Amino acid sequence: MSSPARTTVLSVEDLVVTYGGRRDPLRAVDGVSLGVRRGETLGIIGESGSGKSTLAAAIAGLTPVTSGRIRIADADGAPVDVPATVGRSGRVQMIFQDPMLALSPSLPVWRSVAEPLAPRSLRVPGRFRARAVELLGRVGLGPELAERRPAQLSGGQRQRVTIARAVAASAPVVMCDEPVAALDISLQAGVLRLLDEMRAEHDLTYLFISHDMTSIARLADQVGVMYLGRLVEVGPVRAVLGEPRHPYTQALISAVPSVARAGRAGERTLLSGEIPDARRPPSGCRFRTRCPFAQPLCAREAPVLSAAGTDSTDSTDSTDSTGEHRTACHFWPRIRDDRAASTAA
Ligand SMILES: Nc1ncnc2c1ncn2[C@@H]1O[C@H](COP(=O)(O)OP(=O)(O)OP(=O)(O)O)[C@@H](O)[C@H]1O
Ligand code: SF4
Ligand SMILES: [Mg+2]
């Protein structure tokens, strides 16, 4: 993990991504705003179907954006709109759950690693081989593996190749979507450690999606929690996982005892019911159909991400709020105070 007060490399403003036709649209990402600072990791958590991969794909230019803005800082740190091409003109690299998606099956792996070094060449010049082999060595793959095709490597080795490729690309932003979920459990810790080492060595900036809260706790500097296409809580990892404010975050964390024990998540919050149909989300707060604290206001008004509760004058603003602990719940201060009172009693 790294120090605060750095340039915001990736900024996303009011992003909407819609699937399906106009008749029955599904807003898989619905008004998400976030920022990630240079050299930091923003972890994204949320149940299946909450829109995590869609958010990542839109940032990487793999899925069209319906509305909103995605900007990446230039060399001087100024936020710039980048064309919505795949990989946003080399500014974003993707590390997927399935490494085969990022590798050419017919090429020796050193060429896949070297490709970003010569982005305009149809064939990667052989002179980049030495650098590719060096990078493969750095991720723990010996030179004897450089000529192999991806199918001739194990899953863990393949994922190491995609990490070497992301480093070769020197892209300002690396999107990691469940990068170790398909790997044998014995390999996962090693690949996660490697990802973190590469981030620190090359000052990479990660958006890291995972179902595994313990990996998020270990790797992330900031955490965003998604529910039905919206960001419901975001902030420093210690604050969000250690003292979660949103009832949804509290429920997610209390289901993972090792993370809950490390913080002050309070009494166990059970998540009841299924996640609603994303085509017909509940009015107001989308979590209200599963929230034990819901009030009539929750059906009428959608809470906005804010550092304070609804009663406060502090709300979402146009200044850079990256790094602040913000929560989209009308009543989180009251819920927190009631919990503290019941614990003290
Ligand atoms: N290509 C698609 N066409 C239509 N709907 C889609 C498409 N891809 C995803 N969706 C829907 O969009 C919503 C968000 O899906 P997404 O894959 O982004 O969720 P996720 O949080 O990554 O889930 P998981 O944890 O299972 O990977 C879901 O309701 C999903 O069914
Ligand atoms: S706004 Fe209301 S329904 Fe939503 S999380 Fe807060 S208390 Fe629960
Ligand atoms: Mg996904």
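Since we're looking at a predicted model, the values are computed, not measured. Counting starts at 1 for both ligands and their atoms, following the listed order.
Remark: ligand 1 atoms within the under-4.0 Å shell around heavy atoms of T54 are 14 (C), 15 (O), 16 (P), 18 (O). Heavy-atom contacts of H211 reach the following atoms of ligand 1: 25 (O) (cutoff under 4.0 Å).
Under a 4.0 Å heavy-atom criterion, E178 is not in contact with ligand 1. At least one heavy atom of S50 sits closer than 4.0 Å to an atom of ligand 1.
Between R199 and D196 a salt bridge is recorded (basic side-chain N to carboxylate O distance below 4.0 Å). Looking at R6 and D203, a side-chain N of the basic residue comes within less than 4.0 Å of a carboxylate O on the acidic one, giving a salt bridge. The pair R334-D337 fails the salt-bridge criterion, with no side-chain N (NZ, NE, NH1 or NH2) lying under 4.0 Å from an Asp/Glu carboxylate O.
A donor-acceptor contact under 3.5 angstrom links the side chains of Q250 and R339, judged on distance only. Defined by atom type and a distance below 3.5 Å, a donor-acceptor pair is present between the side-chain atoms of E233 and H325. With no hydrogens or angles considered, no side-chain donor-acceptor pair links E115 and S112 at under 3.5 Å. A donor-acceptor pair shorter than 3.5 Å cannot be found between the side chains of S11 and R69.
Here H246 and F287 bring their ring centres to under 6.0 angstrom of each other. A distance of 6.0 Å or more separates the ring centres of F293 and F331.
The shortest N/O to N/O separation between G46 and ligand 1 does not fall below 3.5 Å. Backbone and side-chain nitrogen or oxygen atoms of G49 are examined, and one is located within less than 3.5 angstrom of a nitrogen or oxygen of ligand 1.
Counting heavy atoms under 4.0 Å from ligand 1, residue L26 touches it through the side chain alone.
Distance from atom 9 (C) of ligand 1 to its nearest protein heavy atom, with residue and atom name: Y19 CE1, 3.4 Å. Nearest protein neighbour of atom 17 (O) of ligand 1, counting heavy atoms only, is S53 CB, 3.9 Å. Of the protein's non-hydrogen atoms, the one nearest atom 21 (O) of ligand 1 is K52 NZ, 2.8 Å.
Of the protein's heavy atoms, at least one falls inside 4.0 Å of atom 26 (O) of ligand 1. Counting only heavy atoms, the protein never gets under 4.0 Å from atom 30 (C) of ligand 1.
Expressed to the nearest 0.5 Å, how far CZ of R91 lies from CD1 of I72 amounts to 6.0 Å.
Only one option out of K52, R286, R290 pairs with E47 in a salt bridge (charged side-chain N to carboxylate O under 4.0 Å, His left out); it is R290.
Within the protein, the N, O or S atoms lying under 2.8 Å from atom 4 (Fe) of ligand 2 are C285 SG.
A distance-only check finds no donor-acceptor pair linking the side chain of T7 to the backbone of G77 [under 3.5 Å].
Nearest to atom 19 (O) of ligand 1 by heavy-atom distance, out of S48, G51, A28, is G51.
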